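First up is the structure itself, then whatever we jot down about it.
Being a predicted model, the structure only gives us computed values, none of them experimental. All residue numbers refer to positions in the sequence shown, counting from 1.
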Amino acid sequence: MKIMSWNTTNDCNLFCAHCYRESGQKDTGELSTDQGKALIDGVARAGFHIMIFSGGEPMARPDIYELIAYAKEQGLRPVLGSNGTLIDEEAARRLKEAGLMAAGISLDSLDAAKHDKLRAKEGAHAAAIRGMENCKKAGLPFQIHTTVMDWNEGEVTDIMDFAVDIGARAHHIFFLVPTGRGEDIVDMALDREAYEGVLTRIMSKAKEVPIEVKPTCAPQFIRVADKVGHDQRFRKGCLAGITYCIVSPKGDVQPCAYMKMAIGNVKEKPFDEIWAESSVFKTLRTEIYSGQCGQCKYGASCGGCRARAAYYHKGDFMSADPLCILNQE
């Protein structure tokens with residue numbers, strides 16, 4: 001299943017410390033409504049199935065409902081990646097009516113003060129939870145997104161329980177990759193031992209809860225799920241350039257949010273042509289990795305994080321993932 005994420009705008013009402021897009025203010029040159037629809041056309045032609053509308057904060061775009069409806073009309077499954085704070089009752093109803101299939105809402109701690117500090121806005125925690133409740137009232141499925149760092153890794157399974165209690169359909173757990181403002185807090189990223197331990201706790205807990213649990217930017221979860229005996233449905237770790245890519249607010253195409261390389265722009269070339277012809281995508285699709293990732297029996301199913309490989313190996317995105325416990329480099 002192919003998944004495409006569009007950062008619809010750089011505009012955001014929060015100023016999160018880990019934001020890969022360094023969002024805050026709207027950029028000049030962001031895709032217009034018509035350019036956004038042309039992008040959606042290209043995504044559909046390329047055979048994608050899911051289109052994520054994210055940001056910045058996608059709810060800051062006045063035309064977000066129109067774009068979601070258009071994506072649905074083209075046969076795509078539109079979903080939202082949001083901080084949740086702008087999803088009031090009316091917004092939740094309009095999202096549902098536009099054809100949105102699910103909303104992903106960020107929650108990084110059960111402690112409101114900790115969440116608000118990361119998001120640089122007092123009240124963000126309470127507003128995010130209100131957004132979830134408003135989705136539930138509107139009959140709009142939602143899931144919780146959590147970014148794991150050294151200060152909240154002890155909470156991750158408790159947040160999973162909270163997701164079940166509040167009625168979320170899934171808990172997707174992201175791991176910090178030092179990109180954008182995230183480079184300023186790289187010291188909060190987990191080391192290899194902690195990373196392995198958290199993944200093990202997550203996949204063990206996932207066997208006990210009645211919702212989908214998926215680590216993201218943590219392809220080693222494939223191996224760890226096997227280790228703890230969790231028969232989960234996901235069969236591929238890193239999807240960058242293989243069945244996933246992202247488009248920036250200005251139309252730049254990247255293999256993933258954390259790989260700082262623009263390999264084409266949809267204002268200049270249709271998305272489906274970039275997806276089919278990019279040499280970077282073609283290289284990623286070979287899945288011929290170097291170092292430990294090239295020797296590992298999980299190389300094809302895990303694939304290692306290509307963004308971390310690039311960050312720590314001077315742009316070599318086919319090198320070994322340094323955060324993997326199996327990597328002895």
For [X] and [Y], indicate whether the former's side chain and the latter's backbone hold a donor-acceptor pair under 3.5 Å.
X    : Y    : result
S278 : I274 : no
D321 : C305 : yes
T216 : F174 : no
T85  : A128 : no
Q35  : S32  : yes
E212 : R169 : no
R45  : F271 : no
E30  : D27  : yes
D116 : H125 : yes
E153 : V148 : no

Do the side chains of [X] and [Y] get close enough for a salt bridge, i.e. N-O under 4.0 angstrom?
X    : Y    : answer
D252 : K250 : no
K26  : D11  : no
R93  : E97  : yes
R223 : E196 : yes
K207 : D231 : no
E287 : K236 : yes

Neighbour count >12 (heavy atoms, 6.0 Å) for atom NZ, K136: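 More than 12 heavy atoms, drawn from other residues, nucleotides or ligands, come within 6.0 Å of this atom.
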Other residues, nucleotides, ligands: >12 heavy atoms within 6.0 Å of K117 NZ: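 Not buried by this count: 12 neighbours or fewer within 6.0 Å.
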Is the shortest side-chain heavy-atom distance between [X] and [Y] below 4.5 Å?
X    : Y    : result
I144 : H172 : no
F53  : P78  : yes
I202 : M160 : yes
I87  : F142 : no
N327 : R192 : yes

Can you confirm if the NZ or CZ of [X] lies within 45° of the ring axis of [Y] and under 6.0 Å from the centre of its six-membered ring?
X    : Y    : value
K214 : F234 : yes
R306 : Y289 : yes
R21  : W6   : no

Enter the distance from [X]:[atom1] to [Y]:[atom2] here, rounded to the nearest 0.5 Å.
X    : Y    : atom1 : atom2 : answer
I52  : M4   : CD1   : CE    : 9.0 Å
L67  : K72  : CG    : NZ    : 15.0 Å
C135 : Q143 : SG    : CD    : 11.0 Å
C324 : R308 : SG    : CZ    : 9.0 Å
E57  : T8   : CD    : OG1   : 8.0 Å
R181 : I185 : CZ    : CD1   : 9.5 Å

Option passing side chain to side chain contact (heavy atoms under 4.5 Å, CB included) with R119 (candidates C19, S109, C16):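 Passing option: C16.
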Criterion salt bridge (charged side-chain N to carboxylate O under 4.0 Å, His left out) on E277 and K282, from CA distance to verdict: CA-CA 8 Å; E277 299 170 6; K282 289 179 180 179; over 6 Å; no
Where A103 and L140 come nearest, the two heavy atoms and their spacing: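 Result for this residue pair: CB-CD2, 4.4 Å.
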V266 with V280, same ILVMFWY side-chain cluster at under 4.5 Å: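 As far as the 4.5 Å side-chain criterion goes, V280 and V266 are connected within one cluster.
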